[in-house]
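These notes are about the structure you will find just below.
Just so we're clear, the structure is a prediction, and the values are computed from it rather than from any experiment.
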Amino acid sequence: MQAEIAPSEVQQDAVKPIVLLVDDEENILKSLTRTLRKCAVDVVTATSGKDALYIMENTDVDLIISDMRMPGMSGAEFLEIAARDYPKAIRILLTGYADLESTIAAVNKGKIACYMNKPWNDDEIRQIVNDNLRSKILEVKNQQLSRELLEKNKQLEELNGHLEEKVAKRTEQLDQALKEINQSYEHMVTLASSIAAMRDEKAAKASTVKAAMAEEIALKLGMPDDEVAAVRDAMLLCDLGKMCFSDRMLSKPYSEFDGEELKLFKQYPILGEAALLGVPDLFMAGVYIRNQFERFDGSGFPDKLSGERIPNGSLILAVVRDYVDLVLGKYTGSEYEEHKAKNEIVRFSGVRYDPRIVDIFVEIYQDFSTDKLDDGEKLISVSALRPSMMLSRNLLSGRGMVLLKRGHILDDHVIDKIVNLEQTSGDKLDVYVLIEEIEPGIPEG
């Protein structure tokens, strides 16, 4: 007794149909086994009917191909017993032309499905096996496909899991890169504002307050986020065109400008816009800067716009700029008290300024006093700085240049730099920090 399993195209662990070959000649068994290798079946062989029945007691055989003439138990006798004890197994008789009488007996008693003559045709025998086991083979193939599908789904789930991790990681990296780009962009705007204002110390120190006030008005006006950001940037950069002013002109009140100086003054908003043309993200800020001297009644410059034709951002710049310039004494040389400067703005509502902007300005201007401390901040001296303190306002140099931005967390290295700068420049630096970061007992500035 021997058993041989033929290779197949299905997976080795699939439950393939089992074909039992029974013949007393080893060469015939080997030949039949080779013939059935192209079928999706497992092949088991036996050299006698007795051995074949033993195999069937321990194996679920789906199809039997048995020779007729064998010593001991004939093929007809074996198939008769198989039909009685294992009726589900399909039975095929392999016989010679001289065995007609035995063949008839096998058909009647063994209930064979068909018989084949020796010598057989390989293609014919494969076709007979496939036809008789078609449903079983399809079942096996379906099992194989189901197994493969489950495996592919598992791999896909794992791939999706890895992909989600990769996407999450990449998104985090992109968010960090975008944050760094935005920080670099904001730093660039602040730096440009600081450079433009370095020649005008008072204006430089007020630039942060102006930007915050303009941003608040834009928010209350309900402007979209991108336009609010453009208003803030425009307020920081609105004096960029003054870089062409002489020191003498910068120090003079506007009311004392002569004809040539007034002509140059009217050009500076256009020059400010032109300076930003090469920066796409600052295009809208450039538009606001250009039109900041347009008046609500149409008597402004450079384009004689009026009313709704003037961009909201420019209308906001006009109110905040003139209010701060009045407080700093830039119009007449005399500094206005804040409430008097506010009254001047109100007096020209509907003429120079949009009444909507003026109403919001009156509501919020007192929250942006340059000398007023917020509830959550404190002014301290440079010597009182400690690591982990957070700036509540931009740190400005004596000439108004932004050294560190609001929200910066101090460390030993930065503190040493600040102390050294104050000592070498001779200018006392005003440092505003959040109260919650201050240790008890630290003196005020």
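- In this structure, K220 places its NZ atom where only 12 or fewer heavy-atom neighbours from other residues, nucleotides or ligands lie under 6.0 Å away.
- Residues M235 and Y288 are not in side-chain contact: their nearest non-hydrogen atoms beyond the backbone lie 4.5 Å or more apart.
- The residues E151 and K154 are annotated as not salt-bridged, no charged nitrogen and carboxylate oxygen being separated by less than 4.0 angstrom.
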- [ ] Begin from the C-alpha positions of E260 and K263 and carry the test salt bridge (Lys or Arg N to Asp or Glu O under 4.0 Å) through to its verdict.
- [x] CA-CA 5 Å; E260 287 299 318; K263 183 178 179 180; 5.2 Å; no
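- Proximity of V19 to L133: side-chain heavy atoms (C-beta onward) are separated by under 4.5 Å at one or more points.
- Annotation: side chain of L21 is not in contact with side chain of I28 (no heavy-atom distance under 4.5 Å).
- The main-chain N or O of I364 is never found under 3.5 Å from a side-chain atom of E216 such that the two would form a donor-acceptor pair.
- When all heavy atoms are compared, the tightest approach of L429 to E422 is N-OE2, 2.8 Å.
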Open item on the list: Let's go through I409 and M390 carefully: what are the C-alpha distance in whole Å and the side-chain angles of both, what is the deciding distance for side chain to side chain contact (heavy atoms under 4.5 Å, CB included) to 0.1 Å, and is it a yes or a no?
Closed with: CA-CA 4 Å; I409 299 175; M390 180 183 291; 3.8 Å; yes
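- Of all heavy-atom pairs between M56 and A89, the closest is CE-CB, 4.1 Å.
- Within the 4.5 Å cutoff, the side chain of L32 has heavy atoms near those of the L94 side chain.
- Counting only distance, with no hydrogens or angles, the side chain of E294 and the backbone of L305 share a donor-acceptor pair below 3.5 Å.
- Nearest heavy-atom pair, I55 versus A46, reported as atom, atom and distance to 0.1 Å: CD1-CB, 3.8 Å.
- Between E261 and R248 there is a salt bridge, since a side-chain N of the basic residue sits under 4.0 Å from a carboxylate O of the acidic one.
- The line from NZ of K152 to CZ of R147 is 14.0 Å long, rounded to the nearest 0.5 Å.
- Residue R91 comes nearest to A83 through the heavy atom pair NE-CB, 3.5 Å, listed as atom of the first residue, atom of the second, then distance.
- Every pair passing side chain to side chain donor-acceptor pair (under 3.5 Å) that includes a residue from residues 297-307 is listed here, sequence neighbours excluded: R290-D303, D297-S299.
- The line from CG of D51 to CG of L20 is 10.0 Å long, rounded to the nearest 0.5 Å.
- Within 6.0 Å of atom CG in N121, more than 12 heavy atoms from other residues, nucleotides or ligands are found, so the atom counts as buried in its surroundings.
- Residues L434 and M389 have side chains not in contact (no heavy-atom distance under 4.5 Å, counting atoms from C-beta outward).
- Nearest heavy-atom pair across L385 and V431 is CD2-CG1, 3.5 Å.
- To the nearest 0.5 angstrom, I310 atom CD1 is 12.0 Å from Y353 atom OH.
- In summary, the side chains of E157 and N153 do not present any donor paired with an acceptor at a separation below 3.5 Å, with no hydrogens or angles considered.
- Within 6.0 Å of CD on E308 lie no more than 12 heavy atoms contributed by other residues, nucleotides or ligands.
- Put simply, the side chain of N142 gets close to the backbone of L138: a donor and an acceptor are under 3.5 Å apart.
- A distance of 6.0 Å or more separates the ring centres of F368 and Y365.
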- [ ] Give the C-alpha distance, both sets of side-chain angles, the deciding distance and a yes or no for side chain to side chain contact (heavy atoms under 4.5 Å, CB included) between D239 and K210.
- [x] CA-CA 12 Å; D239 290 334; K210 288 163 61 178; 3.8 Å; yes
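- Residues R295 and V351 fail the side-chain proximity criterion, which asks for heavy atoms closer than 4.5 Å.
- Other residues, nucleotides and ligands place more than 12 heavy atoms under 6.0 Å from the CG atom of D226.
- Put simply, the side chain of D411 never gets that close to the backbone of P387: no donor and acceptor are under 3.5 Å apart.
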TODO: Go through the steps to decide whether L276 and L237 satisfy the test side chain to side chain contact (heavy atoms under 4.5 Å, CB included), and finish with yes or no.
DONE: CA-CA 9 Å; L276 303 178; L237 299 171; 4.1 Å; yes
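- The backbone N or O of V61 sits nowhere less than 3.5 Å from a side-chain atom of T59 that would complete a donor-acceptor pair.
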Open item on the list: side chain to side chain contact (heavy atoms under 4.5 Å, CB included) for M243 and Y268? Distances and angles first, verdict last.
Closed with: CA-CA 8 Å; M243 294 292 286; Y268 101 76; over 6 Å; no
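- In this structure, the ring of Y254 has its center less than 6.0 angstrom from the ring center of Y331.
- For the atom pair CD1 (I345) and CZ (R352), the distance works out to 8.5 Å, reported to the nearest 0.5 Å.
- Expressed to the nearest 0.5 Å, how far CD of E26 lies from OG1 of T33 amounts to 9.5 Å.
- Heavy-atom contacts from other residues, nucleotides or ligands closer than 6.0 Å to CZ of R126 number more than 12.
- Taking the ring axis of F293 as reference, the NZ or CZ atom of R321 stays within 45° of it and closer than 6.0 Å to the ring centre.
- With sequence neighbours excluded, no residue forms a ring-ring contact (aromatic ring centres under 6.0 Å, His included) with Y86.
- Contact check for V228 versus E215: side-chain heavy atoms found under the 4.5 Å cut-off.
- Closest approach of L395 and I418 over heavy atoms only: CD2-CD1, 3.7 Å.
- The shortest distance between side-chain heavy atoms of F296 and I357 does not fall below 4.5 Å.
- Rounding to the nearest 0.5 Å gives a distance of 11.0 Å between CG of L145 and CG of L150.
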